[in-house]
Participant: 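Before I ask anything, here is the structure I am working with.
Count residues from 1 along the sequence. Computation of the quantities below employed the complete heavy-atom set of this structure, encompassing side-chain atoms and omitting hydrogens, waters and symmetry-equivalent molecules.
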Amino acid sequence: KKVFYSELAYIVGLVSLALSAAFMERADFGVSMVVAPAYLLHLKVSQYLPFFSFGMAEYTLQAVLLIVMVIVIRKFRLSYLFSFVTAVVYGFVLDLSMMCVAFIPSELLVTRIILYIIGLLGCAIGVSLLFHTYISPEVYELFVKEVSGIMKVDINKFKTIYDLSSCVLAIIMSFMFFGLWHFEGVKIGTVVCALLNGVTIGMFSKLF
């Protein structure tokens, strides 16, 4: 067996997640359902506070999710705080990724499809890598890992349920922020990602 260090898995996983979110946003078929609520929060708040970036919305929302998780599992560990540190680091990498990806032309439909597929696969790879490291993952992944363990549900099945729930939440937020039947950030690509993410994560997890 060849050694792939957990520390490297952590770094590659974070970068992969950030880049995949930026690619999917650039493709404009709808962002990943996991980041969709944060993306909508960014779109709404940035109308009044221009400095409120996508990355800032990410770790703000993850702080709220961390509190919810602690209430649900009725347990707190110091390592949970490191998940928030991971969220902050991810937020900075995400903002940097958004700036880099902004230079990629996305007028052609073929280009957008390629960007979307890269984002979809990159998201699954990033989550799978973070699941295989001892370092605290983002709060999203921590929530899935801890709650599925408490409920004794298969982690990949629970991930699919969580993704679909995030998708529904994002649709509700889109209606609340931008008007009824106005889909902003949540489009067909978001639904496809919600349905396939758990399966692709499971596939890459077995591979790793």
Participant: Got a second to check how far Met203's CE is from Leu121's CG, nearest 0.5 Å?
Facilitator: 7.0 Å
Participant: For Ile104 versus Phe23, what's the shortest heavy-atom pair and its separation?
Facilitator: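 For Ile104 versus Phe23, the nearest heavy atoms are CD1-CE2, 3.6 Å.
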Participant: Can you list everything that forms a side-chain contact (heavy atoms from CB on, under 4.5 Å) with Thr190? Sequence neighbours excluded, please.
Facilitator: Met33, Cys167, Val186
Participant: As an exercise, state the distance from OG of Ser46 to CZ of Phe52, rounded to the nearest 0.5 Å.
Facilitator: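 Those atoms lie 8.5 Å apart.
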Participant: Can you see which heavy atom on Ala18 is nearest to which on Leu94, and at what distance?
Facilitator: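 Closest pair (atom of Ala18, atom of Leu94, distance): O-CD1, 3.5 Å.
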Participant: Looking at Glu138 and Leu14, what are the two nearest heavy atoms and their distance?
Facilitator: CG-CD2, 4.3 Å
Participant: Answer yes if Phe84 and Ile71 sit in the same cluster of Ile, Leu, Val, Met, Phe, Trp and Tyr residues linked by side chain heavy atoms under 4.5 Å apart, and no otherwise.
Facilitator: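 No: no chain of side-chain contacts under 4.5 Å links Phe84 to Ile71.
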Participant: Donor-acceptor check, side chain of Ser6 to backbone of Thr133, threshold 3.5 angstrom: yes or no?
Facilitator: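 Between the backbone of Thr133 and the side chain of Ser6 there is no qualifying donor-acceptor contact (under 3.5 Å).
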Participant: Side-chain heavy atoms under 4.5 angstrom apart, residues restricted to Ile, Leu, Val, Met, Phe, Trp, Tyr: same cluster for Val93 and Phe51?
Facilitator: yes
Participant: Output the distance between atom OG (Ser205) and atom CD1 (Ile125), rounded to the nearest 0.5 Å.
Facilitator: 11.0 Å
Participant: A side-chain contact here means heavy atoms from C-beta on lying under 4.5 Å apart; do Leu207 and Phe204 qualify?
Facilitator: yes
Participant: Are the side chains of Ile118 and Ile114 in contact, using a 4.5 Å heavy-atom criterion?
Facilitator: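 Yes, close enough: below the 4.5 Å cut-off.
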Participant: May I have the step-by-step check of side-chain contact (heavy atoms from CB on, under 4.5 Å) for Cys123 and Leu17, ending in yes or no?
Facilitator: CA-CA 5 Å; Cys123 180; Leu17 277 177; 4.2 Å; yes
Participant: With the side chain counted from C-beta on, respond yes when Phe143 and Gln62 share a heavy-atom pair under 4.5 Å apart, and no when they do not.
Facilitator: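 A side-chain contact under 4.5 Å is absent here.
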Participant: Is any side-chain heavy atom of Phe158 less than 4.5 Å from a side-chain heavy atom of Lys152?
Facilitator: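 SC-SC contact between Phe158 and Lys152 ruled out.
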Participant: Please step through side-chain contact (heavy atoms from CB on, under 4.5 Å) for the pair Thr86 and Leu130, ending with a clear verdict.
Facilitator: CA-CA 11 Å; Thr86 296; Leu130 289 177; 5.6 Å; no
Participant: Taking Ile161 as the starting point, is it possible to reach Leu196 by hopping between hydrophobic residues whose side chains are less than 4.5 Å apart?
Facilitator: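 The answer is no; the residues belong to distinct hydrophobic clusters.
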Participant: How far apart are the closest heavy atoms of Ala36 and Val31, and which atoms are they?
Facilitator: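 Closest approach of Ala36 to Val31, heavy atoms only: CA-CG2, 3.6 Å.
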Participant: Identify the two heavy atoms, one from Tyr90 and one from Ala21, that lie closest to each other, and give their separation to 0.1 Å.
Facilitator: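 Smallest heavy-atom distance, with atoms named: OH-CB, 3.8 Å.
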Participant: If you round to the nearest 0.5 Å, how far is OG of Ser174 from CD1 of Ile171?
Facilitator: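 Ile171 CD1 to Ser174 OG: 8.0 Å, rounded to 0.5 Å.
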Participant: Tell me whether Arg26 contacts the main-chain N or O of Ala102 through its side chain, where contact means a donor paired with an acceptor under 3.5 Å.
Facilitator: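 The answer is yes, because a donor-acceptor pair under 3.5 Å joins these two groups.
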Participant: Quick one: closest heavy-atom pair of Thr111 and Pro105, and the distance?
Facilitator: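 Taking every non-hydrogen atom into account, CG2-O, 3.2 Å.
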Participant: Between Val147 and Met69, is the side-chain contact (heavy atoms from CB on, under 4.5 Å) condition met? List the steps.
Facilitator: CA-CA 7 Å; Val147 177; Met69 186 199 75; 4.2 Å; yes
Participant: For residues 139-148, pull every pair meeting side chain to side chain donor-acceptor pair (under 3.5 Å), keeping only residues two or more places apart or in separate chains.
Facilitator: Glu58-Tyr140, Tyr80-Glu146
Participant: Answer yes or no: is there a side-chain heavy-atom contact under 4.5 Å between Phe178 and Leu40?
Facilitator: yes
Participant: Decide whether Leu8 and Leu19 are clustered together by the hydrophobic rule: side chain heavy atoms of Ile, Leu, Val, Met, Phe, Trp, Tyr closer than 4.5 Å, transitively.
Facilitator: no
Participant: Judged by modelled atom types alone, do Tyr39 and Ser32 share a side-chain donor-acceptor pair under 3.5 Å?
Facilitator: no
Participant: Between Val101 and Ile117, is there shared hydrophobic-cluster membership here, with clusters defined by ILVMFWY side-chain heavy atoms closer than 4.5 Å?
Facilitator: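 Different hydrophobic clusters.
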Participant: Nearest 0.5 angstrom please: Tyr116 OH to Leu109 CG, how far?
Facilitator: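 So the gap between those two atoms works out to 13.5 Å.
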Participant: Answer yes or no: is there a side-chain heavy-atom contact under 4.5 Å between Phe29 and Met24?
Facilitator: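 No. Closest side-chain heavy atoms not under 4.5 Å.
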Participant: Rounded to the nearest 0.5 Å, what's the gap from CZ on Phe82 to CZ on Arg77? Could you check?
Facilitator: 14.0 Å
Participant: Test side-chain contact (heavy atoms from CB on, under 4.5 Å) on Glu25 and Met98 and set out the steps.
Facilitator: CA-CA 8 Å; Glu25 195 275 340; Met98 291 286 287; 3.6 Å; yes
Participant: I'd like to check Leu115 versus Ser106 (side-chain heavy atoms, cut-off strictly below 4.5 Å). Are they in contact?
Facilitator: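 Answer yes - side chains close enough.
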